[in-house]
Participant: 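One structure follows; several queries about it will come next.
Along the sequence shown, the residues carry numbers beginning at 1. These numbers come from the heavy atoms of this one structure, side chains and all, not from hydrogens, waters or symmetry mates.
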Amino acid sequence: MASHPGAALRFLLLVTGLHAGLLQQGRSSSLQSSYENIDLLYEPLQMSGEHQNLVTEDVTVVEGEVAIISCRVKNSDDSVIQLLNPNRQTIYFRDVRPLKDSRFQLVNFSSNELRVSLSNVTLEDEGRYLCQVYTDPPQEAFTTITVLVPPHNLVIDVQKDTYVEGEEVEMNCTALASKPAAAIRWFKGNKELTAVKTDVEPMEERMFRVRSQLVLTAKREDDGIPIVCLVDHPAVKDLQTQQYLEVQYKPLVSVSVKYPQGLTREGETLELVCSATGKPSPERVLWQRVDDDLPEHVLILGDNLLFGNLNKTDNGTYRCEASNSVGSASADYTLFVYDTRAGDETPLVVDHAVIGGVVAVVVFAMLCLLIILGRYFARHKGTYFTHEAKGADDAADADTAIINAEGGQNSCEEKKEYFI
């Protein structure tokens with residue numbers, strides 16, 4: 001597009017005169033007002049996207065870093081390009097910087113681009129910057145600078161330093177003065193936890209304070225494990241703080257055999273070891289025999305229990321108990337003394353039970369056999385008497401009954417036939 005000679009000339013004269021005069025007077029506010037008047041005299045026309053010749057891009061920058069602002073012309077015709085700040089003060093007019101802010105520096109100037117850097121960006125620099133090209137008709141495009149502010153501090157607050165197993169632990173993590181509001185995540189070791197609640201509180205200068213609360217139950221395995229508060233924020237990476245949990249718990253007790261390895265037999269030596277761990281460390285370990293006194297020949301050597309000469313009277317359950325300021329716990333060991341003459345699989349205490357079981361099975365089998373035999377003989381004896389009496393019920397006297405009986409009649413007939 002061809003520029004309008006009259007408009008460009010009037011613009012140059014006005015800017016040069018006002019700028020030079022007001023610089024001498026030192027009235028920067030009047031200079032800003034004059035630039036606004038120029039914008040009113042030469043108000044750009046709004047153009048559709050397909051005819052827009054001026055291109056800009058929005059910029060997101062972290063506070064304290066450098067922002068690059070670019071005004072590009074697609075089809076250059078040597079028109080005047082200028083860049084204005086959100087207060088409509090001219091930062092650069094072509095390659096000249098009227099604004100006395102040394103943080104703005106010229107990166108590139110050509111017939112189709114004006115590129116400017118802004119160092120040490122602050123929240124006050126945030127806003128809409130205006131690129132203008134004085135063509136016929138004039139064009140303008142806005143570029144927005146967004147300033148990100150990372151949290152200035154990250155703190156975990158706890159109610160107390162030491163917890164007892166089973167107690168409720170409450171922690172609060174606070175991210176101060178960030179823009180935008182930070183997102184807080186909790187971790188226990190490598191496992192992510194869920195916060196009970198999160199409060200976002202607006203602060204001055206468009207910043208936020210975020211407070212997240214975590215509640216969990218103290219467990220013995222949590223002792224010495226770090227609870228991590230991690231911040232997700234576009235302005236910072238890997239910002240985190242952590243608090244180590246100190247959890248006290250009652251002893252964990254176990255009993256093991258130091259020797260012998262394998263079966264415990266009569267006449268041998270047996271040593272039991274009681275292992276107890278807790279926080280704080282167990283104050284003492286107590287050995288006892290459940291439901292009975294310890295044998296006289298047994299020795300207690302610190303945390304160990306020593307049987308010098310095993311015999312059958314040592315059979316029973318032995319208990320090791322440990323305690324600390326949190327509580328007490330115990331573990332049991334059941335002793336079976338094996339006969340030196342017996343095989344490796346049968347303890348003495350089981351012999352009587354096995355024998356009793358075998359006897360019971362034999363007695364039961366004999367009873368069953370007697371019952372079966374009794375029923376068999378009873379049934380066959382009843383059949384014999386029935387055949388003997390058959391046919392004698394209707395006889396007039398005893399002799400006739402005997403003759404009429406089937407067995408007797410058959411016997412007589414057989415005898416008759418035999419003698420004929």
Participant: Counting only heavy atoms not in Lys188, do more than 12 fall under 6.0 Å of its NZ?
Facilitator: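 Atom NZ in Lys188 is crowded, with more than 12 foreign heavy atoms closer than 6.0 Å.
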Participant: To the nearest 0.5 angstrom, please state how far the CG atom of Leu305 sits from the CG atom of Leu270.
Facilitator: 7.5 Å
Participant: Which atom pair, heavy atoms only, marks the closest approach of Ala175 to Val231?
Facilitator: CB-CG2, 4.4 Å
Participant: Testing the 3.5 Å rule here: is there a donor-acceptor pair between the side chains of Tyr134 and Gln132?
Facilitator: yes
Participant: For Val73 and Ile81: C-alpha separation, side-chain torsions, deciding distance, then whether side-chain contact (heavy atoms from CB on, under 4.5 Å) applies.
Facilitator: CA-CA 9 Å; Val73 179; Ile81 306 175; 3.7 Å; yes
Participant: Between Glu170 and Leu214, is there a donor-acceptor pair closer than 3.5 Å when you use the side chain of the first and the backbone of the second?
Facilitator: no
Participant: Taking NZ, NE, NH1 and NH2 as the nitrogens, is one of them in Lys160 or Glu167 under 4.0 Å from a carboxylate oxygen of the other?
Facilitator: yes
Participant: Taking the six-membered ring for Trp, are Tyr249 and Tyr163 ring centroids under 6.0 Å apart?
Facilitator: no
Participant: Using the salt bridge (Lys or Arg N to Asp or Glu O under 4.0 Å) rule, take Asp223 and Lys279 through it: C-alpha gap first, then chi angles, then the decisive distance, then the call.
Facilitator: CA-CA 9 Å; Asp223 183 51; Lys279 190 170 183 178; 2.9 Å; yes
Participant: Assess whether a salt bridge exists between Asp339 and Arg265, defined as any Lys/Arg side-chain N lying under 4.0 Å from an Asp/Glu carboxylate O.
Facilitator: no
Participant: With a 4.5 Å cut-off on side-chain heavy atoms, are Met171 and Ile227 touching?
Facilitator: yes
Participant: Between Thr90 (side chain) and Tyr92 (backbone), is there a donor-acceptor pair under 3.5 Å?
Facilitator: no
Participant: I'd like to know if the side chain of Arg211 reaches the main chain of Leu176, judged simply by a donor and an acceptor atom lying under 3.5 Å from each other, with no hydrogens or angles considered.
Facilitator: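 Not confirmed, Arg211 side chain does not pair with Leu176 backbone.
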Participant: Is there a side-chain contact between Ser275 and Val273 (heavy atoms, below 4.5 Å)?
Facilitator: yes
Participant: Determine whether a donor-acceptor pair (N or O, by modelled atom type, separation under 3.5 Å) exists between the side chain of Thr264 and the backbone of Phe336.
Facilitator: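 Pair found, side chain donor or acceptor close to backbone of Phe336.
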Participant: Ser330 side chain to Arg319 main-chain N or O, any donor-acceptor pair under 3.5 Å?
Facilitator: no
Participant: Taking atom types as modelled and ignoring hydrogens, do the side chains of Glu57 and Ser70 form a donor-acceptor contact shorter than 3.5 angstrom?
Facilitator: no
Participant: Any side-chain to backbone donor/acceptor pair from Asp222 onto Lys219? Under 3.5 Å, distance only.
Facilitator: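 It does hold such a pair.
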Participant: What residues, two or more places apart in sequence or in another chain, satisfy ring pair (Phe, Tyr, Trp, His ring centres under 6.0 Å) together with Phe208?
Facilitator: none
Participant: Does Asn324 use its side chain to pair, donor to acceptor, with the backbone of Ser281 at less than 3.5 Å?
Facilitator: no
Participant: May I ask you to test the Leu239-Pro150 pair for a side-chain heavy-atom distance under 4.5 Å?
Facilitator: no
Participant: Under a 3.5 Å threshold, yes or no: a donor from one side chain and an acceptor from the other, between Gln242 and Tyr244?
Facilitator: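 Side chains of Gln242 and Tyr244: pair found under 3.5 Å.
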Participant: Using 30° and 60° as the class limits, which term best fits the ring planes of Tyr129 and Phe104: parallel, tilted or perpendicular?
Facilitator: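 Tilted, since the angle between the ring planes falls between 30° and 60°.
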Participant: Is it true that the side chains of Thr194 and Trp186 contain a donor and an acceptor less than 3.5 Å apart?
Facilitator: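 No.
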Participant: Is any side-chain heavy atom of Asn53 less than 4.5 Å from a side-chain heavy atom of Val133?
Facilitator: no
Participant: Keeping Glu126 on the side-chain end and Leu123 on the backbone end, is there a donor-acceptor pair under 3.5 Å?
Facilitator: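 Such a contact is absent between Glu126 side chain and Leu123 backbone.
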Participant: Under a plain distance cut-off of 3.5 Å, with no hydrogens placed, do Glu271 and Asn304 share a side-chain donor-acceptor pair?
Facilitator: yes
Participant: Can you tell if the side chain of Val228 reaches within under 4.5 Å of the side chain of Thr241, non-hydrogen atoms only?
Facilitator: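 With C-beta onward as the side chain, the pair stays apart.
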Participant: Taking all non-hydrogen atoms of both residues into account, name the closest pair between Val164 and Val326 and its distance.
Facilitator: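 So the minimum-distance heavy-atom pair works out to CG1-CG1, 3.9 Å.
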Participant: Does the pair Lys312/Glu266 count as a salt bridge with the N-to-O cut at 4.0 Å?
Facilitator: no
Participant: So, Thr56 side chain and Phe142 main chain: donor-acceptor pair closer than 3.5 Å or not?
Facilitator: yes
Participant: Do any N or O atoms from the side chain of Arg103 and from the backbone of Asn120 form a donor-acceptor pair under 3.5 angstrom?
Facilitator: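 It does hold such a pair.
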Participant: State, with a plain yes or no, whether a side-chain heavy atom of Thr334 is found less than 4.5 Å away from one of Asp332.
Facilitator: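 No - every pair of side-chain heavy atoms lies 4.5 Å or more apart.
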Participant: With side-chain contact (heavy atoms from CB on, under 4.5 Å) as the test, would you mind laying out the steps for Asp101 and Ile91 before giving the verdict?
Facilitator: CA-CA 8 Å; Asp101 188 342; Ile91 301 172; over 6 Å; no
